[in-house]
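Report on the following structure.
Throughout, numbering of the chain's residues begins at 1 and tracks the sequence.
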Amino acid sequence: MNLRLVRCLVPVLLVPALAAADVARRIDAIRITPEAILICADGMAFLLDGEEASALNDHEWFVRGDALVLVAADGERVLAAKTEGASCDDVLEEERERPRFWPVEIERHENGVFVRLRQPDALEAAIQGTFNGWDPDPMRPEEGGWSYHQRMKRGTHRFRIRYRLEGHEQWFEEPPPKEERAGPKARLYAIEVGDRGVSWSIEEAEERALKPGFGAAYNRVEGFRISYAIDFERGLRHPARLGWSQAYALAAERWSWEASGAVPLRLLPGLRLEASGFDRIRVPTAWTVSESENFAAALLIKEDFFDFVWTKGWSARLALDAGNHSLSGGYAATEDAPIAKSTDWSLLGRGKTFRENLFAGPEGIAGTNRRIEGRYAYDSRNYAKGPSLGWLVDLQGDYAGWELGGDHNYWRGIAEIRRFQKLAPRLHFDFRLLGGAIRGNPPPQELFRIGGIGTLRAHRFKELSGERLFLANVEYRASVWSSLQCVFFADLGDAWGSDEREDFDLESDMGIGLQNERGDVRVDFARRIDRGADDDLVVSLRLSRMF
């Protein structure tokens with residue numbers, strides 16, 4: 001019989017029948033869903049097809065195996081009964097000790113995710129997951145249970161909850177461990193945070209994972225690069241990681257590789273030791289354009305926005321993650337070498353040629369570099385990609401040469417601040433401030449370079465360079481139709497302190513753009529406003545956010 005028809009007929013037929021038998025006045029609850037029909041009446045439990053967690057008529061109940069568990073409204077009295085007519089006096093001892101109604105609620109709010117544990121008898125509760133480094137954070141008591149609020153970026157997050165009941169020394173877990181599990185697995189809640197809300201499930205998580213993968217890229221100095229990578233992780237709380245990748249550049253006819261590892265240290269929660277060795281190309285200004293966007297532009301329209309240096313060496317650092325804060329410091333020893341353009345092919349770029357690599361051989365590119373690196377970041381954005389609320393503060397510093405050795409003596413500091421503010425349901429205001437300074441004799445690849453895509457949108461590509469940097473990008477976004485947004489923007493900045501540009505002279509442009517809601521497909525129309533009105537309108541297509 002069609003389940004939808006059953007759902008309609010059962011309340012009509014069963015309730016009057018029970019009433020005729022003088023039972024209807026003792027019905028505790030009736031729950032009808034597309035998957036199941038659950039009835040508890042006069043101390044009797046009835047189940048039709050499936051399991052369901054529900055709250056109805058001041059009772060919480062769920063079906064576990066062949067038993068239905070009913071928790072009274074006061075949260076104290078727990079009844080469990082066999083289905084198909086067994087008495088509710090047949091209480092399961094395990095459920096008397098630990099009520100197993102569905103206890104967790106997960107809700108998405110504009111400024112984060114709320115997790116609630118409906119367990120009023122718990123003396124204390126804590127939550128641990130990927131968002132807090134698997135270190136237990138205490139949950140806050142509230143009426144009927146416990147709650148926890150956390151900013152979670154778009155993507156998948158995993159966690160478990162632990163709580164302790166009165167009269168019990170041990171901690172109970174939610175979700176509980178799977179007794180019949182085989183191998184190194186654990187049961188976790190998995191939350192998928194998206195633009196519209198959250199969805200969640202319970203999954204079996206591997207405590208050991210081996211992750212192989214293949215990749216491809218294209219640029220003007222390597223041509224096609226075919227790569228293979230393998231990563232190994234062990235542990236759920238603070239996993240140890242090992243990784244190896246190797247690639248071959250067809251046009252440059254050259255192999256590259258990188259090995260990396262991270263080991264958690266028990267001195268502090270979230271503290272780890274990281275190390276890597278490599279012999280590969282490096283992009284000094286990769287922050288202006290995403291790698292996937294540059295790959296598509298080079299392959300399709302013969303536009304390569306990156307400039308490359310070949311580098312080999314090793315690095316080691318200590319890193320600490322503590323909620324929204326992260327801190328790292330370490331040492332790196334590298335040797336850089338110039339690399340020239342090796343191909344002029346693309347699918348649609350007939351009649352064009354790739355520009356020469358900026359670091360294809362000018363004096364000063366090659367040399368050894370010994371430096372100490374430090375970094376601090378504060379990240380309260382609600383999403384890592386496509387944020388609508390929060391701050392990002394990123395401070396970096398390098399000290400190279402002098403008593404450390406190497407061919408270059410310099411220090412460099414970079415500070416970046418981003419703010420994302422939602423003004424109304426369909427209005428957003430975002431800005432980025434970026435500043436930097438270099439002192440000493442840095443190699444050419446370490447100078448600041450701005451202009452064009454990703455920086456000053458109406459300027460020539462990387463037309464400004466020097467040992468000082470200031471950049472400000474301001475955007476006002478308004479949703480105009482469905483997921484289409486109109487963006488009004490302004491860019492201000494300068495790079496100076498070089499032979500070509502010694503003094504600070506602020507340059508600016510402004511314009512309008514159209515983008516999807518996430519901002520990863522966008523068209524910008526920009527014009528300079530620091531010169532005459534005859535400057536050309538610059539049109540750019542982006543496949544990633546500006547910042």
Side-chain angles (χ1 to χ4, degrees), residues 128-135 153 155-158 183-186 188 205-217 225-249 254-284 286-287 291 308-323 325-337 368-377 379 384 394 396-400 404-406:
Q128 55 187 143
T130 54
F131 43 79
N132 62 6
W134 293 100
D135 295 310
K153 302 175 177 62
T156 302
H157 308 269
R158 295 171 177 83
K185 294 184 179 181
L188 303 172
E206 294 280 353
E207 293 183 355
R208 301 190 190 100
L210 190 65
K211 303 174 182 178
F214 294 89
R225 182 176 74 242
I226 311 299
S227 61
Y228 171 78
I230 185 167
D231 293 292
F232 175 75
E233 293 185 0
R234 180 172 181 175
L236 285 173
R237 181 171 176 177
H238 296 298
R241 300 184 181 92
L242 292 174
W244 169 266
S245 64
Q246 193 163 12
Y248 183 73
R254 190 166 185 175
W255 286 95
S256 61
W257 61 269
E258 181 171 6
S260 61
V263 179
L265 303 177
R266 297 187 178 182
L267 298 175
L268 286 173
L271 182 66
R272 64 189 182 277
L273 174 64
E274 300 177 346
S276 64
F278 43 83
D279 187 355
R280 54 172 172 75
I281 63 168
R282 178 173 69 93
V283 182
W287 60 273
E291 184 174 357
F308 305 89
V309 173
W310 196 274
T311 184
K312 61 180 179 180
W314 63 274
S315 67
R317 67 181 60 86
L318 285 174
L320 175 65
D321 291 327
H325 304 268
S326 62
L327 181 67
S328 66
Y331 175 82
T334 62
E335 182 178 350
D336 290 344
T368 59
N369 197 328
R370 307 286 186 265
R371 64 185 180 273
I372 296 174
E373 305 171 329
R375 186 170 191 173
Y376 166 77
D379 188 355
D394 191 356
Q396 302 178 48
D398 300 340
Y399 179 86
L404 299 177

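- Ala259 pairs by the side chain to side chain contact (heavy atoms under 4.5 Å, CB included) definition with Trp244, Trp257, not counting sequence neighbours.
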Exercise for the section: Evaluate salt bridge (charged side-chain N to carboxylate O under 4.0 Å, His left out) for Glu291 paired with Arg225, printing each intermediate quantity in order. Expected result: CA-CA 13 Å; Glu291 184 174 357; Arg225 182 176 74 242; 3.4 Å; yes
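- From Leu320, atom CG reaches atom OH of Tyr376 across 11.0 Å, with rounding to the nearest 0.5 Å.
- How far CD1 of Ile230 is from CG of Leu210: 4.0 Å, rounded to the nearest 0.5 Å.
- Considering all non-hydrogen atoms of both residues, Ser227 and Ala216 come closest at OG-N, 4.3 Å.
- The nearest pair of heavy atoms linking Pro284 to Val309 is CG-CG2, 4.2 Å.
- Closest approach of Arg317 and Ser328 over heavy atoms only: CD-CB, 4.3 Å.
- Asp321 contributes atom CG, which lies 12.0 Å from atom CG of Leu268 (distance to the nearest 0.5 angstrom).
- Using a 4.5 Å heavy-atom threshold, the side chains of Thr368 and Arg370 count as touching.
- Under the 4.5 Å side-chain criterion, counting only non-hydrogen atoms from C-beta, Val283 is in contact with Phe308.
- Formation of a donor-acceptor pair under 3.5 Å by the Thr130 side chain with backbone atoms of His157 is not found in this model.
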Exercise for the section: Could you give me the CA-CA distance, side-chain angles and deciding distance for Glu274 and Arg272, then say whether salt bridge (charged side-chain N to carboxylate O under 4.0 Å, His left out) is met? Expected result: CA-CA 6 Å; Glu274 300 177 346; Arg272 64 189 182 277; 2.6 Å; yes
Practice task
Take Asp394 and Arg375 through the test salt bridge (charged side-chain N to carboxylate O under 4.0 Å, His left out) and record every step on the way to the result.
Solution key: CA-CA 7 Å; Asp394 191 356; Arg375 186 170 191 173; 2.5 Å; yes
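- In plain terms, the two heavy atoms of Leu273 and Leu318 that are nearest each other are CD1-CD2, 4.0 Å.
- Judged as a side chain to side chain contact (heavy atoms under 4.5 Å, CB included), and not counting sequence neighbours, the contacts of Ala240 are Pro264.
- Trp314 CH2 to Tyr331 OH: the interatomic distance, rounded to the nearest 0.5 Å, is 6.0 Å.
- Between Arg371 and Thr334, the side chains place a donor N or O and an acceptor N or O closer than 3.5 Å (distance only, hydrogens not considered).
- Atoms NZ and CZ, on Lys211 and Phe232 in that order, are 11.0 Å from each other to the nearest 0.5 Å.
- Distance check, rounded to the nearest 0.5 Å: OH of Tyr399 to CD1 of Ile372 gives 7.5 Å.
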Practice task
Could you please spell out the steps behind the side chain to side chain contact (heavy atoms under 4.5 Å, CB included) verdict for Asn369 and Glu335?
Solution key: CA-CA 6 Å; Asn369 197 328; Glu335 182 178 350; over 6 Å; no
